[in-house]
Protein chains: 2
Amino acid sequence: MTATQARRATRQGAAVEEVLRAADGFRTAQEVFAAAVAAGHRIGLTTVYRHLNSLAEDGRADVVHAGDGEAQYRLCGADDGGGHHHHVVCRTCGRSEEVAAPEVERWAERVAGAAGYTEVSHTVEVFGLCPEHATHPRATRS
Amino acid sequence: MTATQARRATRQGAAVEEVLRAADGFRTAQEVFAAAVAAGHRIGLTTVYRHLNSLAEDGRADVVHAGDGEAQYRLCGADDGGGHHHHVVCRTCGRSEEVAAPEVERWAERVAGAAGYTEVSHTVEVFGLCPEHATHPRATRS
DNA sequence: GCATGAAACGGGAACCGTTGTCATCTACTG
DNA sequence: CAGTAGATGACAACGGTTCCCGTTTCATGC
């Protein structure tokens with residue numbers, strides 16, 4: 001299961017990756033589709049979903065579920081050796097910063113183990129407003 | 001504004017809470033609906049959703065989005081004040097343990113702040129298999 | 001370069017969970 | 001006990017995602 005040589009090289013697959021690479025943040029499948037079409041690519045929504053899922057499966061893309069039932073995708077380093085990571089995502093523009101979270105990993109393992117749970121997985125997503133989209137300084141910010 | 005006495009006391013509202021209380025884990029809205037009907041309550045799916053959302057809004061229930069677009073609900077201590085907490089949820093039966101996560105709270109604030117993000121919120125869900133549903137030790141690394 | 005088999009594509013329908021609509025019903029108040 | 005605001009629920013609408021299946025395109029051998 002090393003070589004997940006799933007897909008054949010196609011224009012559409014390239015288009016999806018291209019759109020994803022051009023965006024420096026998370027995008028929904030529909031946004032990717034719209035962007036690809038806008039860029040002149042001939043591609044169907046179904047195909048966008050197919051490629052997005054393939055990328056996610058192969059670990060070439062990260063997925064977050066924003067909580068309102070809309071999955072968002074983002075390209076990430078092909079085989080980011082050992083680095084399971086998380087993101088801080090801007091609620092407004094989808095921009096994101098990648099952050100490592102060794103403490104959180106350990107914490108998850110520990111509390112789950114303490115409760116007797118096995119095969120532990122976890123989802124950690126941090127949402128916020130990036131500097132550019134920060135609202136009026138409600139606290140003491142200058 | 002303390003008493004968010006939003007809803008009138010009705011049989012249906014009681015039924016939803018009853019079902020939720022009987023289950024010691026997370027349940028989807030549809031499951032709650034099915035259980036209520038099975039228990040002989042006369043109630044509609046719409047109403048189940050309404051009460052579930054009310055409970056969640058008032059902080060009387062926790063919600064997790066299992067990642068496949070299905071929200072799951074669980075009763076929790078009425079007004080547990082500042083106690084923002086998380087859960088370890090069994091993938092198979094929905095059973096869950098409540099866990100406090102002060103370190104994670106701090107971590108989220110810190111990394112988001114470091115990246116210049118404000119209005120930070122986060123979702124942390126840990127999934128696993130409870131002792132009862134553990135599979136044979138497969139040595140699989142997540 | 002061209003034929004060929006297989007994989008990928010894509011339009012539209014199907015699905016599924018969730019929310020909106022609105023006429024009817026019911027829990028509370030006076 | 002009657003009046004009324006609010007709750008209910010059957011059904012339709014909705015939005016995101018997946019399935020279906022005939023058509024197109026890729027990759028390869030000739």
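All figures in this text were calculated on a predicted structure; none of them were measured in a lab. Residue numbers start from 1 in every chain, and the chains themselves are labelled A, B, ... in the order their sequence lines are given, proteins ahead of strands.
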Expressed in angstrom and rounded to an integer, what is the separation of B:L52 atom CG from C:dT19 atom C1'?
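For the pair B:L52 CG and C:dT19 C1', the rounded distance is 14 Å.
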To the nearest Å, give me how far apart NE2 (B:H51) and P (D:dG6) are.
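Rounded to whole Å, this separation is 15 Å.
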Under the criterion side chain to side chain contact (heavy atoms under 4.5 Å, CB included), which of B:L45, B:T47, B:T46 is the partner of B:I43?
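For B:I43, the side chain to side chain contact (heavy atoms under 4.5 Å, CB included) check succeeds only for B:T47.
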Do B:E103 and B:R110 sit within salt-bridge range, that is, some charged N less than 4.0 Å from a carboxylate O?
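Judged by the 4.0 Å cut-off on N to carboxylate O distance, B:E103 and B:R110 do not form a salt bridge.
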Is there a donor-acceptor pair closer than 3.5 Å between any side-chain N or O of B:R74 and the backbone N or O of B:G94?
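Pair absent, no side-chain N/O of B:R74 close to backbone of B:G94.
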Any heavy-atom pair between the side chains of B:C93 and B:H133 that's under 4.5 Å?
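B:H133 reaches B:C93 side chain to side chain.
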Counting primed atoms, P, OP1 and OP2 as sugar-phosphate and everything else as base, the B/S/- map of nucleotides 15-26 of chain D against protein heavy atoms under 4.0 Å is -SBBB-----BB
Which residues pass the ring-ring contact (aromatic ring centres under 6.0 Å, His included) test with B:H122, sequence neighbours left out?
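ring-ring contact (aromatic ring centres under 6.0 Å, His included) list for B:H122, sorted by chain: B:H84, B:H86.
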